[in-house]
Q: 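So that we are looking at the same thing, I have put the structure below in structure tokens.
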Amino acid sequence: MALTGRAGLLALIGVLVVGLLLPSWQGILVVLGLLLLCVAVDLLLAAGVRRLTFTRAGSTSVRTGELCSVQLTVHNPGRRLRGVLRDAWAPSAGVVADRVAIDVPAGGSRVMSFDLRPIRRGDRVADRVTVRSVGPLGIAARQGSHVVPWTVRALPPFHSRRHLPPLLERLRELDGRRASLIRGAGTEFDSLRAYVIGDDVRSIDWRASARSSDVVVRTWRPERDRQVTIVLDTARTAASRVSGALGGLPRLDTSMDAALLLSALASHARDQVDFLAFSHKVRASVPRATLPVLVQAMAPLEAELVEFDARGVVAEVLRRAGRRSLVVLLTSLEPSIEHGLLPLLPALASRHRLLIASVSDPAVHEMAAGRGDLESVYAAAAAERTLAERRRLTALLARHGVDVVDALPDDLPRALADRYLSLKAAGKL
């Protein structure tokens, strides 16, 4: 029960006026009596809320930060219902307006639409639907809540998709669809064409030129149907936040964005993409991943506060990848790599090519440039030591044949895609 409404306020004022016109003790009794009578009438005539039923429809998934709508239908088997309805969701669901006025006729139904703009990736779950049924006087109301389940999955936003058009243009050049030569171990012969100024003279086919009136060169295209295994580290270090143009997102979200761009590019290159999310166990696995399936698998993933099991992930990759592939490990360049992953590299490198991609914190670079006062100098020294350690680990991994991409959050997706195309152009996949 609740006291509510402008009409209720007017009724209360009227009751008080009547009470003031009578002697003090009689006025109090009259006021209380009339008030109780009004409340009883309102509660008696207000529509019940327990017998209401609800159904939902609408969006079940949306990119984080984009708008979607969920429809809620109220079925009223009793008398006319007037009042207010609140559809409660988790705050991260970003409900634009969760309260609406309702007026449902007896035996009828009404459909209401609620707009959501999720601010966090993952499954956003509806909580309860609360209805307040107001009586005709507006003094009192009946109120009750109903559980009406619905889930909207907020998918990774994939901000780096803006880089895809120029990357696909480069891929078309590698694929021989434009007039350019690609040479390197592992590339495949594509076709013959006439020599033009600027072509590599090493690509001249002298036998074909002897049979033709023009000098003829060979064109090449990268090998197709290569296997790319993307491994996403979802352990402790993936939970730390880094600053950037996209805001203070966890490293995990930036790594996801880079993985999505690489997956989209590799799929256009007709390479097979396998995805594996790992911490101390397998968190998600998508063989022959397509972009729609991949974003669905990534959406509910959150970092776990456990140590990354390098031995476990290497064993899992060796078990899953039957043929030689490019293994892309999205993790953090931490000193633990030297003791955890480094001893396992010979077994992995003998069968696959390894590429490590890591997010560098812009705040560390800003600290390294600080020289304003003594505190800034000490902070700069600590930051420079951190950057030097990352450079040392990069050089150490390179000596073991591991490619490393270490970039700022906003640059990592494009840098990783560029490295993939470079390896493909050189025939090293």
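In this text the structure is predicted, and so the values were computed from the model without any measurement.
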Q: Does the side chain of Ser332 come under 3.5 Å of the side chain of Ser358 through a donor N or O and an acceptor N or O?
A: no

Q: Would you call Lys281-Glu316 a salt bridge at under 4.0 Å N-O?
A: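 Looking at Lys281 and Glu316, the cut-off is not met.
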
Q: In this structure, which one of Arg128, Arg56, Arg99 forms a salt bridge (charged side-chain N to carboxylate O under 4.0 Å, His left out) with Asp87?
A: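 Exactly one candidate clears the test, Arg56.
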
Q: Under 3.5 Å, is there a donor on one side chain and an acceptor on the other for Asp373 and Ser376?
A: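 The criterion, which ignores hydrogens and geometry beyond distance, is satisfied for Ser376 and Asp373.
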
Q: Is the backbone of Asp103 close enough, under 3.5 Å, to the side chain of Arg110 for a donor and an acceptor to pair up by distance?
A: yes

Q: Are Asp361 and Arg241 close enough for a salt bridge, meaning some N to O gap below 4.0 Å?
A: no

Q: Could you measure the distance from the CG atom of Leu171 to the OH atom of Tyr420? Nearest 0.5 Å is fine.
A: 6.5 Å

Q: Hey, what do you get for CZ (Arg391) to CG (Leu333), rounding to the nearest 0.5 Å?
A: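 Spacing of CZ (Arg391) from CG (Leu333) equals 12.0 Å.
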
Q: What I want to find out is whether Asp233 reaches Arg251 closely enough, with some N-O distance under 4.0 Å, to be called a salt bridge.
A: no

Q: May I ask you to say whether Glu389 pairs ionically with Arg392, meaning some side-chain N is under 4.0 Å from a carboxylate O?
A: yes

Q: Under 3.5 Å, sequence neighbours excluded: what are the donor-acceptor pairs made by side chains of residues 62-69?
A:
| from | atom 1 | to | atom 2 | distance (Å) |
| --- | --- | --- | --- | --- |
| Thr64 | OG1 | Leu155 | O | 2.7 |
| Ser69 | OG | Gln71 | NE2 | 3.2 |

Q: Establish, from distance only, whether the side-chain atoms of Thr130 and Arg86 form a donor-acceptor pair under 3.5 Å.
A: no

Q: Examine distances only and state if a side-chain atom of Asp253 and a backbone atom of Met256 form a donor-acceptor pair shorter than 3.5 Å.
A: no

Q: Contact between Leu265 and Leu168 at the side-chain level, heavy atoms closer than 4.5 Å - yes or no?
A: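 Heavy-atom side-chain distance check passes, below 4.5 Å.
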
Q: Using a strict cut-off of less than 4.0 Å between a Lys/Arg side-chain nitrogen and an Asp/Glu carboxylate oxygen, indicate whether Asp274 and Arg320 qualify as a salt bridge.
A: no

